[in-house]
Visitor: 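First the structure, which I've put down as structure tokens, then a few questions once you've had a look.
Keep in mind that what you see is a predicted model, and the values were worked out from it rather than measured. Any value given below was found using the heavy atoms of this structure, including those in side chains, with hydrogens, waters and symmetry copies removed.
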Amino acid sequence: MKKIAKIIIGAAAGALAAGAVGWFLYDKYECQSYNFNTAYCTARNAIFGFDRNDIEDIDIDIYFDSRLSSEEREDAMKSFERARQTYSKEFGINLVPNIEGKIKAPENTDDIGSVIDNDADFSIAYMTKIRNDMRNPEGMSYLDDNIIAVNASQDIGGIENTTAHEIGHLFYADHCKDVNLDVLCTMFKINLCFSSNGWCETDRAVIELYKHRFW
């Protein structure tokens with residue numbers, strides 16, 4: 001028992017120290033949850049490890065831009081379901097959807113949090129277009145608010161891939177750097193080159209680490 005206790009205390013102390021250093025030196029995602037989750041998840045995984053069969057239920061509120069057609073909303077939900085199956089199969093992460101309905105999307109997608117009442121672990125807003133001051137991407141992740149926005153005017157494959165990609169960011173997965181080895185990694189930066197069910201070793205390890213993160 002004493003040996004186990006020492007392992008637990010040592011792992012927790014090391015993780016907390018790493019989180020503290022990250023807080024003062026470099027907050028990778030500029031969000032309050034990152035350092036706390038890094039400390040907690042590092043300690044937890046040091047003790048229990050990763051188990052794909054340990055199912056983690058995560059509640060998701062889903063919103064639709066009021067300008068989307070019924071067909072586009074249907075395609076968005078089909079795409080979400082496919083992405084949901086991928087996370088379930090690969091990581092034991094069970095994404096549980098709750099349809100919240102339509103919203104009037106803000107002109108700047110960076111303001112999406114102002115029209116969403118995020119009562120779930122995180123929210124997905126399917127939009128007619130993603131637009132902000134910098135660019136017009138196919139998807140955006142807002143880690144401070146636990147919200148992702150996805151362009152639902154793409155083809156159904158594009159919606160699925162973007163959904164899976166942006167969800168990965170909420171588990172702190174970064175853009176895939178292994179361009180020559182894993183050009184179809186879900187977290188690859190360019191939309192045309194990633195898929196919803198391919199993972200490089202680096203990003204897979206990150207999602208496995210943060211599977212049980214706090215929201």
Visitor: How about Y87 and T186: does a side-chain donor come under 3.5 Å of a side-chain acceptor?
Guide: no
Visitor: Looking at CG of N118 and CG of D59, how far apart are the two atoms once the value is rounded to the nearest 0.5 Å?
Guide: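 Between N118 CG and D59 CG, I get 10.5 Å after rounding to 0.5 Å.
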Visitor: Measure the spacing between CD1 of I62 and CD1 of I99 and express it to the nearest 0.5 Å.
Guide: 4.0 Å
Visitor: Out of curiosity, does F80 fall in the hydrophobic cluster containing V96 (side-chain heavy atoms, cut-off under 4.5 Å, transitive links)?
Guide: no
Visitor: Are any of the side-chain heavy atoms of L170 and L143 separated by less than 4.5 Å?
Guide: yes
Visitor: Kindly say whether F91 contributes a backbone atom to a donor-acceptor pair with the side chain of K211 at under 3.5 angstrom?
Guide: yes
Visitor: Do Y142 and T109 have a side chain donor and acceptor closer than 3.5 Å?
Guide: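 Absent: no donor and acceptor within the cut-off.
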Visitor: Is there a donor-acceptor contact under 3.5 Å from the side chain of R213 to the main chain of C41?
Guide: no
Visitor: Do F36 and W215 have their ring centres less than 6.0 Å from each other?
Guide: no
Visitor: So how far is it from Y126 OH to E72 CD, rounded to the nearest 0.5 Å?
Guide: 13.0 Å
Visitor: Kindly indicate, with the supporting measurements, whether the criterion side chain to side chain contact (heavy atoms under 4.5 Å, CB included) is fulfilled by L95 and I167.
Guide: CA-CA 10 Å; L95 305 174; I167 290 174; 3.8 Å; yes
Visitor: What heavy-atom pair brings I159 and A76 nearest, and what distance separates the two atoms?
Guide: CG2-CA, 4.2 Å
Visitor: Between A105 and M127, what is the shortest heavy-atom contact and its length?
Guide: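 For A105 and M127, the tightest heavy-atom pair comes out as CB-CE, 3.4 Å.
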Visitor: Does any non-hydrogen side-chain atom of M140 lie less than 4.5 Å from one of I112?
Guide: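 Not touching, per the 4.5 Å side-chain cut-off.
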Visitor: Can you tell me how far apart SG (C176) and NE2 (H165) are? Round to the nearest 0.5 Å.
Guide: 10.0 Å
Visitor: What heavy-atom pair brings S123 and I116 nearest, and what distance separates the two atoms?
Guide: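 Looks like OG-CG2, 3.9 Å.
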Visitor: Answer yes or no: is there a side-chain heavy-atom contact under 4.5 Å between K129 and R67?
Guide: no
Visitor: Can you check side chain to side chain contact (heavy atoms under 4.5 Å, CB included) on Y210 and T38, steps first, answer last?
Guide: CA-CA 8 Å; Y210 291 104; T38 296; 2.7 Å; yes
Visitor: Do the side chains of I207 and W199 get nearer than 4.5 Å, heavy atoms only?
Guide: yes
Visitor: Among I147, I148, N161, exactly one meets side-chain contact (heavy atoms from CB on, under 4.5 Å) together with E166. Which residue is that?
Guide: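 That would be I148.
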Visitor: Keeping D65 on the side-chain end and L68 on the backbone end, is there a donor-acceptor pair under 3.5 Å?
Guide: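 Not at all, since once roles are kept as given, no pair shorter than 3.5 Å links the two residues.
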Visitor: Is any side-chain heavy atom of H169 closer than 4.5 Å to a side-chain heavy atom of H175?
Guide: yes
Visitor: Work out which heavy atom in I130 is nearest to a heavy atom in E138; give both atom names and the distance.
Guide: CG1-O, 3.6 Å
Visitor: With a 4.5 Å heavy-atom cut-off, do E100 and D119 have their side chains touching?
Guide: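 Heavy-atom side-chain distance check fails, nothing below 4.5 Å.
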Visitor: Determine whether E208 and E90 make a side-chain contact, defined as any pair of heavy atoms from C-beta on separated by less than 4.5 Å.
Guide: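 In short, these two side chains do not touch, never coming nearer than 4.5 Å.
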Visitor: Quick one: pull up CD1 in I156 and NZ in K78 and give me the separation to the nearest 0.5 Å.
Guide: 5.5 Å
Visitor: Just how far is it from atom OG1 of T86 to atom CD of E81, taken to the nearest 0.5 Å?
Guide: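 Rounded to the nearest 0.5 Å, the OG1-CD separation comes to 10.0 Å.
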Visitor: Where the side chain of N37 meets the backbone of S33, is there a donor-acceptor pair that is under 3.5 Å apart?
Guide: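 The answer is yes, because a donor-acceptor pair under 3.5 Å joins these two groups.
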Visitor: Got a donor-acceptor contact below 3.5 angstrom from the D121 side chain to the I60 backbone?
Guide: no
Visitor: Given side chain to side chain contact (heavy atoms under 4.5 Å, CB included), test D203 with F171 step by step and report yes or no.
Guide: CA-CA 10 Å; D203 285 312; F171 288 95; over 6 Å; no
Visitor: Examine distances only and state if a side-chain atom of S88 and a backbone atom of R84 form a donor-acceptor pair shorter than 3.5 Å.
Guide: no
Visitor: Side chains of D117 and Y63: closer than 4.5 Å at any heavy-atom pair?
Guide: yes
Visitor: Which pair of heavy atoms, one from A125 and one from I103, lies closest together, and at what distance?
Guide: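 For A125 and I103, the tightest heavy-atom pair comes out as CB-CD1, 4.4 Å.
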Visitor: For E201 and R204, what are the C-alpha separation, side-chain angles and deciding distance, and is it a salt bridge (charged side-chain N to carboxylate O under 4.0 Å, His left out)?
Guide: CA-CA 5 Å; E201 292 183 5; R204 178 181 290 278; over 6 Å; no
Visitor: For the side chain of R73 and the backbone of K102, is there at least one donor-acceptor N/O pair under 3.5 Å apart?
Guide: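 Not at all, since once roles are kept as given, no pair shorter than 3.5 Å links the two residues.
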Visitor: Please report the shortest heavy-atom distance between R44 and D54, naming the atom on each side.
Guide: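 Distance-wise, the nearest heavy atoms are NH2-OD2, 3.9 Å.
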Visitor: If we ignore angles and hydrogens, is there a donor and acceptor under 3.5 Å between the side chains of N94 and D57?
Guide: yes
